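Just so we're on the same page: letters track the sequence lines, and every chain starts at 1. Heavy-atom basis, side chains included; hydrogens, waters and symmetry copies ignored. Predicted, not measured: the structure shown is a model, and the values here were computed from it.
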Number of protein chains: 2
Amino acid sequence: MRKSPLILVIEDEEDLLELIEYHLLKEGYEVEGFLSVKNVEPFLAEEEADLMIVDRNLPGTEGSEFVASLRAKGIDIPVIFLSAKDQERDIETGFLRGGDDYMTKPFNMNELLLRIKALLKRTKNDLFSDRLIYKDIVLDLKRREVFIEGKEISLTRLEFDLLYTFIKNRNVVLSREYLLEQVWDTDAEHQEKTVNVAIKRLKEKIDPKKEKRYIEAIRGVGYKLC
Amino acid sequence: MRKSPLILVIEDEEDLLELIEYHLLKEGYEVEGFLSVKNVEPFLAEEEADLMIVDRNLPGTEGSEFVASLRAKGIDIPVIFLSAKDQERDIETGFLRGGDDYMTKPFNMNELLLRIKALLKRTKNDLFSDRLIYKDIVLDLKRREVFIEGKEISLTRLEFDLLYTFIKNRNVVLSREYLLEQVWDTDAEHQEKTVNVAIKRLKEKIDPKKEKRYIEAIRGVGYKLC
DNA sequence: TTTGATTGTTACAGTACGGTAACATCAAAA
DNA sequence: TTTTGATGTTACCGTACTGTAACAATCAAA
């Protein structure tokens, strides 16, 4: 695993790209540069980047559209946008998300480095507040992502909420009644059998080979995670 | 009482040890590092640690054996094991206890920090799990676990509820009628004989060698725990 | 010691419970 | 619209649990 953060830089002006890469490397970051959007996504399929620096004025795609398309696919990396002075106004109109930042060209390299540092720190702190870990299961609450032994698996809303409830109450036996209250709509009435099936489906996803037995049925009482 | 948790790190690679120490200190933990197993136990005799990070591949002793030997002496500190990739498989085969965790090298420092946080929080919470104790019997009500002389035994719903009722009413003679009311379905009618058999089965499980005689029959009246 | 009542033990059968799959329903996406 | 995926419902099966009855052991009083 990586010791220092990996930063992607997507910038079509080759000189500027090299300048940024140089400074980032000097700061001890790992850097991967791209002259266009083309090869970024395949790269991300292989490597987990910590931050992207994206020029908004790329040939072909708009930088912000590219980022939006990544987000639609669940790739959620904080971004620092580089934009021309005259685009400054657009910035405020929505495409910037909570974790993001931007700078207008021409910019001061020191300021960029400072912002990178700040952004990385911020996202790192976010991880602390939002991740729930049980054995080799990691739940990212904000992103609603689940990793088991480091590999991501996809859960439905119900399954995620169910697993979340179990991890929050690890080792405690939860009755079907309680689970229905916590996980299902409070107003809708459901049979307790419904819980059985939901748990069966969850088990199937988090432990398809039935090796781990994370969730156990406690006959006559309910279920528990142990 | 310590302000921040004390974490022991046992790792023979000096660089890695220093790296871990550095990050733990930065997170505000108190840290004590060891290059080998040798001085750990004397240290534990003096100081109460909250967590240990133990490399499984130490020169001389196997990390897990060392931890097992501590446990045999009643030193019961949660452990995060660091193991090489190819040892990953052993992990499941038993030496990992309920409170423990592990990571495979090379690992992500952030993830280690997350797991430390989670583990510390969990063990802290565990202290508050509500338990009912009678002599050497421990009932954990939320988890529905029963320990006798420290060893867990498994009870069915009926047996657990029965034992619970007895411990709640220790030294009091309980009539079969009362027990039927308390433990069995209130609506279903049962013979009083049913209680006899249920208690016989419970006795069998909590005292198979018939040494303890926890539950005693009071002729003509009922049963009591004494 | 004997006797009858009470309790313990065992075997057996019925039941309830949980797992599973198949189907139905619903909502969202294409 | 059609299609897809998510969720609820139902039915069925195997099994763990539990009630019952029959019998054995024990106890207490005579």
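A/Arg213 has its CZ atom 11 Å from the P atom of C/dG19, to the nearest Å. In this structure, A/Asn196 places its CG atom 14 Å from C1' of D/dT7, rounding to the nearest Å. Rounded to an integer number of Å, the gap from NE2 of A/His190 to C1' of D/dA6 is 13 Å. Straight-line distance from the CD atom of A/Glu189 to the C1' atom of D/dT7: 17 Å, rounded to whole Å. Rounded to whole Å, atom P of D/dT20 lies 9 Å from atom CG of B/Leu180. Taking atom NZ of A/Lys193 as the reference point, atom P of C/dA22 lies 16 Å away to the nearest angstrom.
OP1 or OP2 of C/dG8 has at least one side-chain nitrogen or oxygen of B/Tyr223 nearer than 4.0 Å. OP1 or OP2 of C/dT7 lies within a sub-4.0 Å distance of a side-chain N or O belonging to B/Arg176. Side-chain N/O atoms of A/Thr194 include one lying less than 4.0 angstrom from OP1 or OP2 on D/dT9. The shortest distance between the side-chain N/O atoms of B/Trp184 and the OP1/OP2 oxygens of D/dT18 is not below 4.0 Å. For B/Thr156 and D/dT18, the shortest distance from a side-chain N or O to OP1 or OP2 is below 4.0 Å.
A heavy atom lying under 4.0 Å from DNA chain C marks the following residues of residues 201-210 of chain B, by number: B/Arg201, B/Lys203, B/Lys210.
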Which pairs of donor and acceptor atoms, one on a side chain in residues 155-164 of chain A, lie under 3.5 Å apart (sequence neighbours left out)?
unit_1   : atom_1 : unit_2   : atom_2 : d
A/Thr156 : OG1    : A/Glu159 : N      : 3.3
A/Thr156 : OG1    : A/Glu159 : OE1    : 3.2
A/Arg157 : NH1    : A/Asp161 : OD2    : 2.8
A/Glu159 : OE1    : A/Thr156 : N      : 2.8
A/Glu159 : OE1    : A/Lys205 : NZ     : 2.9
A/Asp161 : OD1    : A/Arg144 : NH2    : 2.4

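To the nearest 0.5 Å, the span separating CD1 on A/Ile215 from CG on A/Leu202 amounts to 4.5 Å.
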What pairs of nitrogen or oxygen atoms, one from the protein and one from nucleotides 26-30 of chain D, lie under 3.5 Å apart?
unit_1 : atom_1 : unit_2   : atom_2 : d
D/dC27 : O2     : B/Arg219 : NH2    : 3.1

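Pairs of residues two or more places apart, or lying in two chains, that qualify as salt bridge (Lys or Arg N to Asp or Glu O under 4.0 Å) and include a residue from residues 216-226 of chain A are A/Lys224-B/Glu145.
Residues meeting the ring pair (Phe, Tyr, Trp, His ring centres under 6.0 Å) test with A/Phe34, sequence neighbours left out: A/Phe43.
Each end of the helix from C/dT1-D/dA30 to C/dA30-D/dT1 gets its own rotation axis from five pairs of C1' atoms, and the angle between them is 30° to the nearest 10 degrees.
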